[in-house]
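All chains are named by letter (A, B, ...) in the order of the sequence lines, taking the proteins before the strands, and each is independently numbered beginning at 1.
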Amino acid sequence: MSIFDIHFLFVIIMSAFIGGAAGYLGSLMLTKKMALVGGAFGHLALPGIALALLYGFDVSLGAIIFLIIGMLLMYFLKKKSNLSMEVLSAVVFTSSLSIAWIFLPEKNAPALIGDVSHISWNAIIISIILSIVVIIITKYIVKPIMLISFSEDISKTLGININKYNFLFLASIVLVTALGVRIIGGLMTVALIAIPAATSRNMNQHLSSYTILALLFGAVSAGVGVYMSSLTTLPPGSLIVIVSTIFFVGSLFFKNK
Amino acid sequence: MSDEVILTVKDVSVSFGEKKVIDSVNFELQKNENLAILGPNGAGKTTLFKALLGLVPYDGEITWGKDVKLSYLPSQGFLQDAKNLPLTVMDFFALKNISIDKVKDMLHNVGLHDDVLYKNFTTLSTGQFQRMLIAWTLVDDANVILFDEPISGIDIEGQKVIYDLLHKFWQEKKLTILMISHDLNIVWEHANRVLCLGSGHTCFGAPHAVLTPEALEDIYGTGIKFYEHKHK
């Protein structure tokens with residue numbers, strides 16, 4: 001497969017959009033100390049990916065169905081048990097991982113570490129559009145989410161509808177996870193969200209440049225990772241993580257005060 | 001001091017589940033008064049604030065005067081997390097959509113220099129951060145300020161600056177101030193009304209009328225020890 005293949009070019013563009021959306025949203029998750037939740041979400045999506053591969057429907061569709069089911073389950077357990085979200089995550093996420101393992105068709109590493117070799121044009125276009133939707137939502141919620149992270153009480157006093165913004169935030173996380181599993185698989189989704197934001201945080205202290213740089217690092221890592229996987233036989237998920245980790249390590253030497 | 005009633009609290013109680021945190025509190029506040037709320041830990045001081053701000057459900061009646069604009073500076077427990085946000089001082093004021101000139105004015109008012117505008121939260125000293133927060137709290141022309149333990153994390157000198165500032169704003173802007181304070185010196189110096197919440201004991205009035213040694217012992221159990229704790 002060559003870069004001049006127009007379909008593959010669009011796969012790279014799609015990956016960059018997904019990576020960018022994940023990085024951008026990730027910059028918010030990092031400040032809310034929610035980066036690891038993204039990883040847990042990826043696991044939650046795994047049974048859906050497994051079923052999608054088994055029955056031949058779109059992995060993101062499978063992922064999103066299981067993400068929604070999983071989150072309703074979390075919500076229900078939270079109400080019933082009074083346990084902390086952290087403990088419940090451990091229960092729900094490991095059980096979904098083990099269910100996925102049972103259902104996963106043989107030789108299906110792609111569900112775990114990503115696969116971009118058989119993506120339809122429709123899936124590419126929809127993924128790009130949804131990534132743009134995530135970016136727009138994120139832009140819309142940056143300021144209120146910062147205020148909410150600063151203090152929920154003050155935000156309420158200022159008349160900010162916390163539930164609305166938290167819902168938009170959560171919905172974006174679900175969406176970006178469902179998109180992310182397509183290129184990076186269900187095991188390492190957290191990398192798309194956390195590493196670009198961490199890299200940017202290392203370099204930048206200013207809100208708008210911090211969020212934009214996270215978007216750019218996410219986009220470039222995903223694009224380059226997917227391109228490199230076409231040159232080699234290595235899975236895109238691993239390469240995306242490696243590329244963004246290289247950026248992260250590099251950022252340690254570019255710290256700006 | 002005008003005689004305009006700005007806040008009426010009638011029989012207000014707040015319960016969390018079975019536990020009654022505040023039990024039928026009554027008081028009334030005039031415009032431009034400075035109310036100190038006293039009481040031991042767990043007396044429901046912060047909860048009362050939250051009820052006043054409409055952040056928690058309550059029984060009874062809370063009526064604010066018209067044209068009241070509330071601003072709230074919560075207890076400082078959250079500061080450590082807040083200081084890690086990827087915000088410059090400028091970003092932080094931008095969350096409130098305040099013009100740059102007004103921000104600079106306000107920063108000068110709390111004794112900060114323009115150059116903190118471009119500093120990140122993480123690089124501010126605790127004292128600078130605290131002053132900046134007070135500027136932020138006051139910047140959008142609030143006329144009623146609720147301060148929860150505003151003194152923690154400031155050195156003694158900084159503490160004096162903050163209270164002098166509050167005093168200044170209180171006079172200049174005709175603010176009404178409600179503050180939760182643990183420091184009786186501060187209460188004597190700045191408050192003209194005191195509300196005490198405590199185990200079975202509530203009182204309300206002018207400091208000299210309310211803060212008798214007997215009353216303090218009633219509120220805190222051991223009033224004298226309280227003094228010793230605060231100044232170690």
Side-chain angles (χ1 to χ4, degrees), chain A residues 23-35 79 82 138-163 165 169 193-194 196-215 217 251 255-257, chain B residues 17 46-47 49-57 64 68-98 115-124 129 132-134 136-142 144-148:
Chain A
Y24 194 37
L25 185 69
S27 68
L28 278 186
M29 294 178 70
L30 207 65
T31 65
K32 271 206 119 187
K33 303 210 167 138
M34 282 176 62
K79 276 208 136 173
N82 246 344
T138 307
K139 184 158 174 47
Y140 173 67
I141 64 175
V142 166
K143 279 188 174 187
I145 290 288
M146 278 298 150
L147 261 181
I148 293 167
S149 308
F150 175 68
S151 160
E152 290 205 355
D153 287 340
I154 290 180
S155 307
K156 283 188 207 158
T157 315
L158 292 172
I160 287 174
N161 185 341
I162 296 194
N163 288 337
Y165 289 107
F169 191 32
I193 287 161
T199 306
S200 174
R201 190 81 174 92
N202 265 340
M203 301 175 65
N204 233 286
Q205 308 287 354
H206 183 278
L207 180 61
S208 51
S209 53
Y210 158 67
T211 51
I212 296 296
L213 263 187
L215 185 152
F217 279 124
S251 73
K255 257 191 141 156
N256 106 31
K257 286 283 166 196
Chain B
T46 301
T47 305
F49 261 23
K50 291 191 174 181
L52 293 175
L53 289 161
L55 300 176
V56 294
W64 287 101
V68 158
K69 188 162 187 330
L70 297 173
S71 202
Y72 176 43
L73 185 61
S75 175
Q76 311 299 291
F78 75 101
L79 281 189
Q80 216 45 49
D81 280 349
K83 262 198 106 209
N84 284 324
L85 291 173
L87 298 172
T88 60
V89 172
M90 180 104 107
D91 289 330
F92 190 46
F93 279 89
L95 299 181
K96 276 192 169 181
N97 298 316
I98 307 288
D115 63 0
V116 297
L117 266 180
Y118 307 100
K119 280 195 174 171
N120 188 262
F121 274 17
T122 48
T123 61
L124 295 177
F129 190 68
M132 189 274 298
L133 268 186
I134 285 175
W136 192 81
T137 306
L138 293 170
V139 77
D140 44 5
D141 299 320
V144 178
I145 311 292
L146 287 86
F147 272 111
D148 194 345

Counting heavy-atom pairs under 4.5 Å with chain B, which one of A:V142, A:D153, A:T211 comes out on top?
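Going by pairs under 4.5 Å, I would pick A:D153.
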Minimum-distance pair of heavy atoms, taken over all atoms of [X] and [Y]:
{"X": "A:F150", "Y": "B:L133", "answer": "CZ-CD2, 3.3 Å"}
{"X": "B:P86", "Y": "A:M146", "answer": "CG-CE, 4.0 Å"}
{"X": "A:L207", "Y": "B:D91", "answer": "N-OD2, 2.8 Å"}
{"X": "A:K143", "Y": "B:N97", "answer": "NZ-OD1, 3.3 Å"}
{"X": "B:L70", "Y": "A:T157", "answer": "O-CG2, 4.3 Å"}
{"X": "A:L158", "Y": "B:W136", "answer": "CD1-CH2, 4.1 Å"}

Interchain contact, A:L30 with chain B, by part (heavy-atom threshold 4.5 Å):
neither
Can you tell which part of [X] gets under 4.5 Å to a heavy atom of chain A, answering side chain, backbone, both or neither?
{"X": "B:T137", "result": "neither"}
{"X": "B:L53", "result": "side chain"}
{"X": "B:K50", "result": "side chain"}
{"X": "B:K119", "result": "neither"}
{"X": "B:F92", "result": "side chain"}

When rounded to the nearest 0.5 angstrom, what is the spacing between CG in B:L146 and CD1 in A:I154?
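Those atoms lie 11.0 Å apart.
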Tell me whether the count of non-hydrogen atoms from other residues, nucleotides or ligands lying under 6.0 Å of NZ in A:K139 goes above 12.
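Open.
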